[in-house]
2 protein chains.
Amino acid sequence: MSDMKTTIKSVSIDLFFRKGYFATSISDIARGSGIQKASIYYHYPSKEALLFHILKCTMDDLTDYLQQCLAGIEGIETRMRAAVRGHVRFHLQRQKENFIANSELRGLTAEHYREIVKKRDAYELIFQDLIREGTKAGAFPEGDAKILSYAILTLCTAGASWYKDGGRLSVDAIADIYERFILSGLKQGRLDQGGNC
Amino acid sequence: MSDMKTTIKSVSIDLFFRKGYFATSISDIARGSGIQKASIYYHYPSKEALLFHILKCTMDDLTDYLQQCLAGIEGIETRMRAAVRGHVRFHLQRQKENFIANSELRGLTAEHYREIVKKRDAYELIFQDLIREGTKAGAFPEGDAKILSYAILTLCTAGASWYKDGGRLSVDAIADIYERFILSGLKQGRLDQGGNC
DNA sequence: GTCTATAGAGTGATAGAC
DNA sequence: GTCTATCACTCTATAGAC
């Protein structure tokens, strides 16, 4: 990807995050990139193509990252902890893109929308499978895997809407809090391994 | 409020929910309301004023509803359960408005933005106080009240983004799942009252 | 209280020079 | 690969008739 194409992309991510996709104009992106608005169209065929490109990369990287986090990890509870931490870390480290991926899907054409939702569904399925596996193994009580997966994901994703780089809490500290909260929620009053009574 | 003013408001809520504030034009609202676009301005001075009116009402009603839910309830854990249920119920019952209130703040003027954020902060403080009270009383372990309050609220709020009226699960069934998940998360491995060992 | 007509600015995108 | 110029359209909002 040429330098200018990368610049346009990162300027767009910043603007879409701060102002929203529809409130951001091609002129805004051109100004931020230091070129004229017509020049944007040499790199991307349309504003929607630019949005789609950002969302597609984000979703692909997210799924790759989760799979890396889970590779070689054994034991259902440990796997779930790794998945939660991975999800939180990716969302905080690439906050802007993830925020856009969760709020600007309406800017896509019908076809592109379906493609991104398909990727999102596949990602959610990984968590639903972990929940079902954990229930089967007796680590978690019976529960609605779909609702619980939404709960876990939206919880961690929400971090990307208030997290401030260099703020009071580090990425790891936040991941710790969420990991404990979610695992306790999933176990619902069952004792931790080792027990405390 | 006149009939047409009410119609314009509810048409706007529907459109802002489905298409987003910036992607909805005054023409769209007029078409949905069965009048010409100029007539909108007899009822509301601007598009932004219409958005602000919707957000203000939603926030005020939300806070009133929570206070009603908590009135006369004793015991910190019971109060937290009531608060969670109230938050979930309100968000699912007035799904569209709440979705807008959580995604379209950027459409407001700086002054109106501050006003809504102030209301939202006051609402969040109620939950933070419940958490702190619970920690002090020994019902919940030490934790970051701010992060935990965000966790609780975003979790329940997220329901408003996927809930379908008349779908697989009722409002009460969803409230049950969230209530259990959150209370377990807050207690973090502590035994339920009565214990299970 | 709703209409028609329009102002005035901005939008995404294209043509063609360099 | 970036520029200037512009097209065709849409936007919010206002003026003034009825």
Side-chain angles (χ1 to χ4, degrees), chain A residues 1-56 100 103-113 115-116, chain B residues 1-56 100 103-113 115-116:
Chain A
M1 216 158 58
S2 73
D3 271 10
M4 184 48 77
K5 195 170 181 181
T6 312
T7 301
I8 292 169
K9 186 181 174 184
S10 74
V11 166
S12 299
I13 289 172
D14 189 58
L15 287 169
F16 292 168
F17 173 71
R18 278 173 29 222
K19 305 178 50 170
Y21 173 73
F22 286 106
T24 299
S25 70
I26 293 287
S27 300
D28 292 335
I29 297 168
R31 200 174 309 119
S33 306
I35 52 171
Q36 291 301 309
K37 61 179 179 173
S39 307
I40 300 284
Y41 293 92
Y42 173 79
H43 300 281
Y44 293 94
S46 70
K47 189 184 169 189
E48 190 270 345
L50 182 45
L51 176 65
F52 177 63
H53 177 68
I54 292 169
L55 298 190
K56 189 175 174 321
I100 297 166
S103 57
E104 300 293 4
L105 293 192
R106 286 180 300 201
L108 296 171
T109 61
E111 198 176 344
H112 285 163
Y113 178 85
E115 195 170 330
I116 297 295
Chain B
M1 214 157 61
S2 74
D3 271 12
M4 185 46 79
K5 194 170 181 182
T6 313
T7 301
I8 292 169
K9 186 181 174 184
S10 75
V11 167
S12 299
I13 289 172
D14 189 59
L15 288 170
F16 292 168
F17 173 72
R18 277 169 33 220
K19 305 179 49 170
Y21 173 72
F22 286 106
T24 299
S25 70
I26 293 286
S27 299
D28 293 334
I29 298 168
R31 201 174 309 119
S33 306
I35 53 173
Q36 292 302 309
K37 60 182 178 172
S39 308
I40 300 285
Y41 293 91
Y42 173 79
H43 300 281
Y44 295 92
S46 70
K47 189 184 168 189
E48 189 270 345
L50 181 46
L51 175 65
F52 177 64
H53 177 70
I54 292 169
L55 298 191
K56 190 176 174 319
I100 298 165
S103 56
E104 300 292 5
L105 293 193
R106 286 180 299 200
L108 296 172
T109 62
E111 199 176 344
H112 284 164
Y113 178 85
E115 196 169 331
I116 297 295

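Every chain is numbered from 1 and lettered A, B, ... according to where its sequence line falls, protein lines coming before strand lines.
The nearest pair of heavy atoms linking Y21(A) to K47(A) is O-NZ, 3.0 Å.
When rounded to the nearest whole Å, the span between OH of Y44(B) and C1' of dG1(C) equals 15 Å. Regarding R31(B), its CZ atom lies at a distance of 10 Å from the P atom of dT10(D), rounded to whole Å. Atom-to-atom, CD1 of I8(A) to P of dT2(D) comes out at 7 Å; the value is rounded to the nearest Å. Distance, K5(B) NZ to dT2(C) P: 13 Å, rounded to whole Å. Between L50(B) atom CG and dA13(D) atom P the separation is 10 Å, expressed in whole Å. The distance from atom CE of M4(A) to atom P of dC3(D) is 8 Å, rounded to the nearest whole Å. One can place CG of L51(B) at 13 Å from P of dT12(D), the figure rounded to the nearest angstrom. In this structure, the CG atom of D28(A) is 7 Å from the P atom of dT11(C), given to the nearest Å.
When the side chain to side chain donor-acceptor pair (under 3.5 Å) test is applied to K5(B), no partner is found at least two apart in sequence or on another chain. For F22(A), there are no ring pair (Phe, Tyr, Trp, His ring centres under 6.0 Å) partners, not counting sequence neighbours. Residues satisfying the side-chain contact (heavy atoms from CB on, under 4.5 Å) criterion with Y42(A), sequence neighbours excluded, are absent altogether.
T24(A) comes within 4.0 angstrom of the backbone, heavy atoms only, and of no base. Counting non-hydrogen atoms under 4.0 angstrom, S39(A) reaches a base of the nucleic acid.
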Per-nucleotide protein contact along nucleotides 13-18 of chain C, 5' to 3', at a 4.0 Å heavy-atom cut-off (B base, S sugar-phosphate only, - neither), is BBB---
Can you give me every donor-acceptor pair (side chain of residues 25-38 of chain B, partner residue at least two apart or in another chain, under 3.5 Å) with its distance?
unit_1: S25(B); atom_1: OG; unit_2: S27(B); atom_2: N; d: 3.4
unit_1: S25(B); atom_1: OG; unit_2: D28(B); atom_2: N; d: 3.1
unit_1: S25(B); atom_1: OG; unit_2: D28(B); atom_2: OD2; d: 3.3
unit_1: D28(B); atom_1: OD1; unit_2: R31(B); atom_2: NH1; d: 3.4
unit_1: D28(B); atom_1: OD2; unit_2: K19(B); atom_2: NZ; d: 3.0
unit_1: D28(B); atom_1: OD2; unit_2: S25(B); atom_2: N; d: 3.0
unit_1: S33(B); atom_1: OG; unit_2: I29(B); atom_2: O; d: 2.8

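The aromatic rings of F52(B) and H112(B) lie parallel to each other, their planes meeting at an angle below 30°, with 60° marking the opposite boundary.
Closest to the Q36(A) side chain, of the nucleotides dC3(D), dT2(C), dG1(D), is dC3(D).
For Y42(B) and dT2(C), the shortest distance from a side-chain N or O to OP1 or OP2 is not below 4.0 Å.
Within the structure, every pair that satisfies the side chain to side chain donor-acceptor pair (under 3.5 Å) test and touches residues 8-17 of chain B, not counting sequence neighbours, is listed here: D14(B)-R18(B), D14(B)-K96(B).
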